[in-house]
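Read the numbers this way: they start at 1 and go in the same order the structure lists the ligands and their atoms.
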Amino acid sequence: MPTSMMTAAYITGLGPADRIRLGPLLVPTPGPTDVLVAVETVAVNPVDAYIRSGRYRTPIPMPFIVGRDLAGTVALTGPGVTGFQPGDRVWCNSLGHQGRQGAFAEYAVVPADRLYRVPEGVDPQTAVAVAHPAATAYLGWYVHARLRPGETVFVGGGGGNVGTAAIQIAVAGGAHVIASARPEDHPRCRAAGAEAVLDYRDPRLAERLRELAPAGVDVMWDTSGYQDFAVAAEATAPGGRIPVTAARAEVAVPLSRLYTRDVAVLGFVISRASVADLAAAAVLINRMLADRRLTTRIADRLPLAETADAHRRIESGEVRGRLLLLP
Ligand SMILES: NC(=O)c1ccc[n+]([C@@H]2O[C@H](COP(=O)([O-])OP(=O)(O)OC[C@H]3O[C@@H](n4cnc5c(N)ncnc54)[C@H](OP(=O)(O)O)[C@@H]3O)[C@@H](O)[C@H]2O)c1
């Protein structure tokens with residue numbers, strides 16, 4: 001049984017990263033259908049900083065423990081939980097929003113239907129590192145863009161966290177992938193399964209894309225948030241889909257080229273995903289983790305005490321890969 005106090009990274013009000021405190025809070029008590037997890041690794045996402053600052057508004061309790069993703073070990077289960085036992089290795093990617101307390105603490109309460117096993121032989125740090133980008137990729141391809149085997153897709157920002165997972169999951173689904181990335185990330189995109197990789201800074205990118213996919217791509221997903229809609233509208237085949245999951249700036253959208261060609265623009269955030277869709281994503285993620293088909297880049301591993309710094313680094317936009325923290 002855990003002791004009554006734990007160390008947590010938390011805020012008492014929305015604001016900049018400096019507001020994150022490290023200190024003792026009560027170990028939470030699991031409800032009837034909850035699991036108490038002894039947290040071993042957490043991963044920082046850009047959205048953690050959006051929630052902490054108030055840029056993405058969602059109901060949260062105060063004091064609020066930041067963060068949404070964890071890997072750890074089951075410490076205790078509520079009386080109504082049948083699927084987990086103390087000692088099970090588990091991961092979760094949906095704490096810290098919609099009224100749920102966050103993950104960055106020694107212990108976290110997770111509703112049992114939001115908790116998944118770490119497959120045998122898989123490093124829990126890899127599981128928590130891929131969880132958020134890979135679940136986003138699953139939702140983008142299957143819940144929103146309705147990807148079909150044999151389709152040709154474009155993944156912008158293929159060297160990034162979401163981009164690399166998007167390539168891996170599209171390839172696993174039988175799609176042909178063209179990606180864009182900075183040249184040093186081209187081998188990474190190819191290793192993920194992309195058949196062709198373009199330099200996103202190439203001024204002739206649209207032309208090269210047309211050469212590679214003369215009939216247009218079926219799905220055009222720029223995961224970076226720097227989508228050029230003039231290029232996207234031309235490069236997407238009639239009946240194609242354009243998922244939107246980030247926006248670094250408000251941009252002009254050539255509506256007439258979209259609606260006259262039955263092209264759908266599909267915005268979504270993982271924070272709104274249903275428990276069922278997240279669970280379906282977890283099934284695919286676990287299968288691909290077990291097969292070593294989902295890989296990621298770990299930028300750094302830090303102690304929990306450095307959560308505020310981790311948020312500052314994520315906000316600087318300079319982190320390449322995943323930042324993990326170890327309570
Ligand atoms: N809607 C959702 O549910 C959801 C879920 C997860 C993430 N997101 C958002 O998705 C965005 C990406 O997240 P991430 O974790 O994948 O970030 P990331 O790892 O930083 O990846 C971004 C990638 O985009 C590349 N890039 C930079 N400028 C580009 C350009 N002009 N064209 C094409 N690619 C460019 C970057 O390359 P360099 O390394 O060369 O700069 C980097 O590889 C963030 O804004 C995040 O908040 C949204």
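Note: His311 and Phe104 have perpendicular aromatic rings, judged against thresholds of 30 and 60 degrees for the angle between ring planes.
Only the side chain of Thr136 comes within 4.0 Å of ligand 1, judged by heavy-atom distances. Looking at Arg320 against ligand 1, only its side chain comes within 4.0 Å, counting heavy atoms.
Between the side chains of Asn45 and Arg322, at least one donor N or O sits under 3.5 Å from an acceptor N or O.
Between Asp300 and Arg313 there is a salt bridge, since at least one side-chain N of the basic residue sits less than 4.0 Å from a carboxylate O of the acidic one. Salt bridge present: Glu315 and Arg52 bring a charged side-chain N and a carboxylate O closer than 4.0 Å. Note on Arg117 versus Asp88: salt bridge recorded, some NZ/NE/NH1/NH2 to OD/OE distance being below 4.0 Å. Ionic pairing of Glu151 and Arg148 is present here: one or more N-O contacts between side-chain nitrogen and carboxylate oxygen are shorter than 4.0 angstrom.
Among all non-hydrogen protein atoms, the one lying nearest atom 20 (O) of ligand 1 is Val319 O, 4.3 Å. For atom 24 (O) of ligand 1, the closest non-hydrogen atom on the protein side is Ser224 CB, 3.2 Å. The protein heavy atom nearest to atom 21 (O) of ligand 1 is Gly160 CA, 3.2 Å. Looking from atom 44 (C) of ligand 1 to the surrounding protein, the closest heavy atom is Arg248 NH2, 4.0 Å.
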May I have the step-by-step check of salt bridge (charged side-chain N to carboxylate O under 4.0 Å, His left out) for Glu184 and Arg320, ending in yes or no? CA-CA 12 Å; Glu184 71 190 81; Arg320 305 190 71 242; 3.7 Å; yes
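Per-residue contacts place Thr245 under 4.0 angstrom from the following atoms of ligand 1 (heavy atoms of the residue considered): 1 (N), 2 (C), 4 (C), 8 (N), 9 (C), 48 (C). Those atoms of ligand 1 with a heavy atom of Ile270 less than 4.0 angstrom away are 2 (C), 3 (O). Interface of His132 with ligand 1, defined as ligand atoms under 4.0 Å from a residue heavy atom, comprises 5 (C), 6 (C).
Between Arg182 and ligand 1, an N or O atom pair is found at a separation short of 3.5 Å.
The shortest separation from a heavy atom of Val269 to ligand 1 is under 4.0 Å, placing the residue in contact. Within the structure, the closest approach of Gln227 to ligand 1 does not fall below 4.0 Å when heavy atoms are considered.
Using a 4.5 Å cut-off between side-chain heavy atoms of Ile, Leu, Val, Met, Phe, Trp and Tyr, Val128 falls into a hydrophobic cluster with Ile298, Leu324.
For atom 7 (C) of ligand 1, the nearest non-hydrogen atom from the set Asp199, Val162, Thr223 belongs to Val162. In this structure, of Tyr226, Tyr50, Phe268, Tyr200, the residue bringing a heavy atom nearest to atom 38 (P) of ligand 1 is Tyr200. With Thr296, Asn161, Val155 as candidates, the residue nearest to atom 19 (O) of ligand 1 on a non-hydrogen basis is Asn161.
In this structure, Arg55 forms a cation-pi arrangement with Tyr50, its terminal cationic atom sitting closer than 6.0 Å to the ring centre and no more than 45° off the ring axis.
Inter-residue side-chain proximity for Val37 and Leu115 is flagged as met; some heavy-atom pair is nearer than 4.5 Å.
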